[in-house]
Amino acid sequence: MNEQPTRLEGITVQSKILRGQRALVIGIANESSIAYGCARIFRQLGADLAVTYLNEKARPHVEPLAKDLGAAIVAPCDVGHDGELEAVFRQIRETWGGLDIALHSIAFAPKVDLQGRLVDSSAAGFKEAMDISCHSFIRMARLAEPLMHDGGTLLATTYHGASKVVPNYNLMGPVKAALESAVRYLAYELGDRHIRVHAVSPGPLKTRAASGLKDFDVLLSDAIERSPIGELVDIDDVGLTAAFLTTPFARRLTGTTTYVDGGLSIVA
Ligand code: 0WD
């Protein structure tokens with residue numbers, strides 16, 4: 001990896017503070033994915049990467065990105081399919097022998113449940129949303145724990161709709177609330193192994209997952225209008241915050257939900 005400082009729009013990152021860190025990134029669907037922004041920043045700061053793709057359909061979109069990132073491991077992983085997450089961790093153990101960072105940047109709910117009222121949501125739809133979007137993070141933590149020999153950082157992606165009602169976020173609100181709570185309990189349980197656990201909560205970003213929400217464009221224009229900083233966040237912004245949480249600068253932080261939203265969430 002070259003030693004040139006990393007240039008992002010408007011800032012220069014001099015540091016390779018993540019050199020030697022091995023990072024698993026789950027949730028790259030395409031170059032707009034939040035996970036891609038995080039992977040790119042982790043890499044630019046010196047980390048080695050393992051990257052997953054959902055299935056064969058997603059593979060041609062993810063593989064070229066993984067190649068550009070110089071990912072050491074590129075593997076299929078649908079967390080809803082028995083054994084696939086386990087297989088990724090097996091490959092990490094065989095290739096690296098350990099792991100320092102794991103990012104979970106995925107969410108799913110069946111469209112009919114996502115776009116309907118919470119009060120009308122089906123048990124099956126709620127259960128699937130909870131399994132893919134929340135419990136898979138717990139499974140990821142369980143698999144990561146024995147590989148994080150010198151401690152590490154587990155990161156999940158959440159949204160403000162977990163703690164406040166955001167119109168049209170519907171059943172993902174309670175699902176993300178469970179995820180944020182899981183982050184706190186995992187932080188409590190894994191703290192003595194120096195495994196820190198965080199949720200990162202970005203403001204609205206135009207991605208494929210977001211396009212499944214009704215009237216998402218309204219959320220975007222509202223974020224520009226009402227946030228103190230007055231601009232949308234981008235995936236590099238999320239990556240920088242995620243990266244910060246993995247560094248020694250954050251070594252006494254755990255269990256937090258950290259907003260990357262230009263201050264939108266502080267405004268009534
Ligand atoms: O405004 C936004 N975009 C925000 C997103 C604001 C705040 C939070 N988030 C969260 C999302 O809820 C999600 O947890 O960020 C996370 C990443 O979402 P994203 O980057 O916005 O969306 P996208 O690029 O679509 O990545 C999510 C990916 C899926 O993409 P598709 O488009 O195929 O649904 O999650 C993956 C998949 O690649 N995914 C799975 N991965 C493994 N196993 C599964 C699964 N079963 N289901 C979906």
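In each ligand, atom 1 is the first atom listed, and ligand 1 is the first ligand listed.
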With side chain to side chain donor-acceptor pair (under 3.5 Å) as the rule and sequence neighbours excluded, what pairs involving residues 122-139 come up?
His104-Ser136, Asp113-Ser122, Asp131-Arg139, His135-Arg139
Only pairs at least two apart or in different chains count here, so list each ring-ring contact (aromatic ring centres under 6.0 Å, His included) that has a residue in residues 45-80.
none
One pair per line, please: each N/O atom of ligand 1 matched with every protein N/O atom under 3.5 Å away, atom names first, then the distance to 0.1 Å.
unit_1, atom_1, unit_2, atom_2, d
ligand 1, 1 (O), Leu205, N, 2.8
ligand 1, 1 (O), Leu205, O, 3.2
ligand 1, 3 (N), Leu205, O, 3.0
ligand 1, 3 (N), Thr207, OG1, 3.1
ligand 1, 12 (O), Lys176, NZ, 2.9
ligand 1, 14 (O), Ile106, O, 3.1
ligand 1, 14 (O), Thr157, OG1, 3.1
ligand 1, 14 (O), Lys176, NZ, 2.8
ligand 1, 15 (O), Thr157, OG1, 3.4
ligand 1, 20 (O), Ile34, N, 2.9
ligand 1, 21 (O), Thr207, OG1, 2.4
ligand 1, 22 (O), Thr207, OG1, 3.4
ligand 1, 24 (O), Ser33, OG, 2.6
ligand 1, 25 (O), Ala209, N, 2.9
ligand 1, 32 (O), Arg208, NE, 2.6
ligand 1, 32 (O), Arg208, NH2, 2.9
ligand 1, 33 (O), Arg208, NH2, 2.6
ligand 1, 43 (N), Val79, N, 2.9
ligand 1, 46 (N), Asp78, OD1, 2.8

Let me have the donor-acceptor pairs involving side chains of residues 218-233, under 3.5 Å, with sequence neighbours excluded, atom names and distances please.
unit_1, atom_1, unit_2, atom_2, d
Ser221, OG, Asp217, O, 3.2
Ser221, OG, Val218, O, 3.2
Asp222, OD1, Arg226, NE, 2.8
Asp222, OD2, Arg226, NE, 3.1
Asp222, OD2, Arg226, NH2, 3.1
Arg226, NH1, Ala268, O, 3.4
Ser227, OG, Ala223, O, 2.7
Ser227, OG, Gly230, N, 3.0

Heavy-atom donor-acceptor pair, Lys176 side chain to Thr157 backbone, under 3.5 Å
yes
More than 12 heavy atoms of other groups within 6.0 Å of Asp82 CG:
no
Taking every non-hydrogen atom, the tightest pair across Ala109 and Met172
CB-SD, 4.0 Å
